[in-house]
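For reference, the structure discussed in these notes is given below.
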Protein chains: 2
Amino acid sequence: MFTYRYPHPAVTADCVVFGLDEACPPTVPDPGSRRGSDTDARELTVLLIQRDLDPYAGAWALPGGFIRLDEDLDAAARRELEEETGVRDLYLEQLAAFGAPDRDPRERVITIAYLAIVNLFEHPVAAATDARNAGWFALDELPRLAFDHELILETALARLRSKHREEPIAFEFLPAKFTLRQVQSLYEAIQGERVDKRNFRKKLLATGVIIPLDEVEMDVAHRAAQLHRFDRERYEALRDEGYRWNA
Amino acid sequence: MFTYRYPHPAVTADCVVFGLDEACPPTVPDPGSRRGSDTDARELTVLLIQRDLDPYAGAWALPGGFIRLDEDLDAAARRELEEETGVRDLYLEQLAAFGAPDRDPRERVITIAYLAIVNLFEHPVAAATDARNAGWFALDELPRLAFDHELILETALARLRSKHREEPIAFEFLPAKFTLRQVQSLYEAIQGERVDKRNFRKKLLATGVIIPLDEVEMDVAHRAAQLHRFDRERYEALRDEGYRWNA
DNA sequence: GCAAAAGTGTTTATGATACACCCATGC
DNA sequence: GCATGGGTGTATCATAAACACTTTTGC
């Protein structure tokens, strides 16, 4: 038992983990798969877990849990995420604290929410997740969520969109070598609107941080696209000189 | 005494309150004041309190304190701010949670930090603050701060600048009726660089949300400037249609 | 040869920047 | 009348937007 002179709230770290579905237009062979790829509309997805225990037993919720007293907030977020879903090594940034007094029926619980992005191309094992009771949901097919997790998720989505306009966060979703088409589909998935291919490519290449490689994608049923990489060092150098990414 | 089955951290809400110095080029008479106003360089300032108690007794710190168990996070921030400084009725938004395990020597303390802006034109009484031990500091004349409050302050300043580029947050510092010169000085104070007067005014008026009034400022020792107001409703309507403020 | 997606340029419109002088007022 | 800040316009440049066809590859 732990005793204090003043009342203390419980504090959790919860994660809103975004991924992309249709995650396998592979840069490595993938024989036998029969993706029609007639449409390349990718979709943002979110990682949820199904709760075992009350409150909200059986309901879906954001992965997360109580922080330990000797642990940093983001370490707690990563630890809980891995324990509950098996997902690790991903982009993670703090989103906001949620602390309405009655948001948990058990006791006062303050949640530090994190926004995370998992690269399902390079961690395909994560796509399934280790956990029986975890799953990916498209944003327009979400189940009802426990606690105020719908509010947290909406906040995370708004932040993802806003952040995406100001920083090249899109590449967190993509493999190290990607096609411009993938970038464009991702932009369209995040912003929810289509863009002109020629203008998009022109602007992207004009930044100078997207480097064309002497390689093309493999095993596609049509002309193979050239691969590119994101030059993060160069981007950060430019940014520190005052350059502003704008998508 | 309060007892729990698992350890709980303490949680505080602390505020980084920004203001503007040289706060009295008045829209109402101010006889007897002898402001040279030879320069109109305004400066961002921050509201700090001097701690009575250990740890860090005597050091300056951000105003704030422990949240109550039945109180919303932002309500706690407002309450503590008013208790400690007398400042109320101000713009307030959540900044981030700070929770390094050893940031407070007493026990594990997680701080939900808030970014606040006080309008010293319309709440001039707040300029002094009710509290003996509170004071405004220019950003380049800060004392050493308690805990990790320097980190929090830096984070707040970065957020203020970034937010200022994306939303018309500047008007939180200004009175309902302001001159374009005031807006420009404020922009320069926040962004730390000078801008061209003609281009600035052109762009500001082109937004359609800055409305010229049939009034001029009073009691200035030179030609009086026209007053304007910010049409917040119109701004919000435009924004909801997809318009993006950009400073 | 056909289906599917890759790749490519020009024109136009819009917004950003650079730049200097006269005006109104208080003293 | 002079000092102080208020107020104004145009030309240039850079970026964004609109727009459609040819090429490559696998089947």
Side-chain angles (χ1 to χ4, degrees), chain A residues 22 25-27 29-42 165 178-185 187-188 191 193-208 210 212-228 242-247, chain B residues 22 25-27 29-31 33-42 165 177-185 187-188 191 193-208 210 212-228 242-247:
Chain A
E22 269 276 49
T27 48
D30 183 8
S33 85
R34 201 63 222 92
R35 292 156 284 97
S37 80
D38 33 315
T39 170
D40 45 41
R42 299 273 159 58
R165 282 192 298 267
F178 48 81
T179 68
L180 298 186
R181 183 51 168 172
Q182 288 175 317
V183 185
Q184 183 175 345
S185 296
Y187 271 50
E188 291 171 344
Q191 299 300 55
E193 55 190 29
R194 320 227 81 201
V195 299
D196 178 85
K197 180 164 59 158
R198 283 169 294 186
N199 292 339
F200 182 82
R201 296 161 82 99
K202 211 186 318 171
K203 184 170 167 182
L204 205 54
L205 294 172
T207 62
I210 308 295
L213 302 173
D214 288 330
E215 277 181 83
V216 294
E217 61 181 340
M218 290 165 65
D219 293 280
V220 285
H222 53 78
R223 176 175 177 183
Q226 192 173 7
L227 293 173
H228 296 72
Y243 168 78
R244 298 263 153 250
W245 181 272
N246 119 303
Chain B
E22 270 275 50
T27 49
D30 183 9
S33 86
R34 203 60 223 90
R35 291 158 283 97
S37 82
D38 35 316
T39 172
D40 44 41
R42 298 273 160 56
R165 281 193 298 267
K177 299 174 180 181
F178 49 80
T179 69
L180 298 186
R181 182 50 166 171
Q182 288 175 315
V183 186
Q184 184 176 345
S185 297
Y187 271 50
E188 292 173 342
Q191 299 300 60
E193 54 191 29
R194 319 227 83 201
V195 299
D196 179 84
K197 180 166 59 157
R198 283 169 293 188
N199 292 338
F200 181 82
R201 297 161 82 98
K202 211 186 319 171
K203 183 170 168 182
L204 204 55
L205 293 172
T207 63
I210 308 295
L213 302 173
D214 288 331
E215 276 180 85
V216 294
E217 61 181 338
M218 291 165 64
D219 292 282
V220 286
H222 52 79
R223 176 174 177 182
Q226 191 172 7
L227 293 173
H228 296 71
Y243 168 79
R244 298 262 154 249
W245 181 271
N246 119 304

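Quick caveat, the model's predicted, so the values are computed rather than measured. Every chain is numbered from 1, with letters handed out A, B, ... down the list of sequences.
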> Could you give the distance from CG (B/Leu204) to CG (B/Asn199), rounded to the nearest 0.5 Å?
Replying inline: 12.0 Å
>> Counting only side-chain heavy atoms from C-beta out, which of D/dG6, C/dG9, D/dG7 sits nearest to A/Arg198?
In response: C/dG9
> Once you round it to whole Å, what is the distance between C1' of C/dA6 and CD of A/Gln184?
Replying inline: 12 Å
> Taking CD from B/Gln182 and P from D/dG5, how many angstroms apart are they, rounded to a whole number?
Replying inline: 14 Å
> Going through the checks in order, is the side chain to side chain contact (heavy atoms under 4.5 Å, CB included) test met by B/Leu227 and B/Val216?
Replying inline: CA-CA 5 Å; B/Leu227 293 173; B/Val216 294; 5.6 Å; no
Nucleotides 21-26 of chain C: which of its N/O atoms have a protein N/O under 3.5 Å away?
| unit_1 | atom_1 | unit_2 | atom_2 | d |
| --- | --- | --- | --- | --- |
| C/dC23 | O2 | B/Arg223 | NH1 | 3.4 |

>> My understanding is that only residues two or more places apart in sequence, or in another chain, count here; which of them pass side chain to side chain donor-acceptor pair (under 3.5 Å) with A/Glu215?
In response: A/Lys177
> Between B/His228 (NE2) and D/dG7 (C1'), how many Å, whole number?
Replying inline: 10 Å
>> Between C1' on C/dT8 and CG on A/Leu180, what's the gap in Å once rounded to a whole number?
In response: 12 Å
Expected rows: protein N/O vs nucleotides 11-17 of chain C N/O, under 3.5 Å:
| unit_1 | atom_1 | unit_2 | atom_2 | d |
| --- | --- | --- | --- | --- |
| C/dT17 | O4 | B/Lys202 | NZ | 3.3 |

> Looking at residues at least two apart in the chain, or sitting in another chain, which of them share a side-chain contact (heavy atoms from CB on, under 4.5 Å) with B/Lys197?
Replying inline: B/Gln184, B/Arg201
> Starting at the 5' end of DNA chain C, which residue's closest nucleotide do you reach first, A/Ala225 or A/Asp196?
Replying inline: A/Ala225
> What's the spacing between A/Glu217 CD and A/Arg223 CZ if we round to 0.5 Å?
Replying inline: 11.0 Å
>> Output the rounded distance in Å from CG (A/Leu204) to P (D/dA16).
In response: 12 Å
> In chain order, what residues pass the side chain to side chain donor-acceptor pair (under 3.5 Å) check against B/Asn246, with sequence neighbours excluded?
Replying inline: B/Lys203
>> Give me the atom names and distance for the closest heavy-atom approach of A/Glu188 to A/Glu193.
In response: CG-O, 3.3 Å
> Quick one: ring pair (Phe, Tyr, Trp, His ring centres under 6.0 Å) partners of B/Tyr187, sequence neighbours excluded?
Replying inline: B/His164, B/Phe200
> Please give, in whole Å, the distance from D/dG9 C1' to B/Leu205 CG?
Replying inline: 14 Å
> What's the CD-C1' distance between A/Glu217 and D/dT24, to the nearest Å?
Replying inline: 12 Å
>> Output the rounded distance in Å from CZ (B/Arg181) to P (D/dG7).
In response: 11 Å
> Is it true that a side-chain atom of B/Gln226 and a backbone atom of B/Leu213 form a donor plus acceptor pair closer than 3.5 Å?
Replying inline: yes
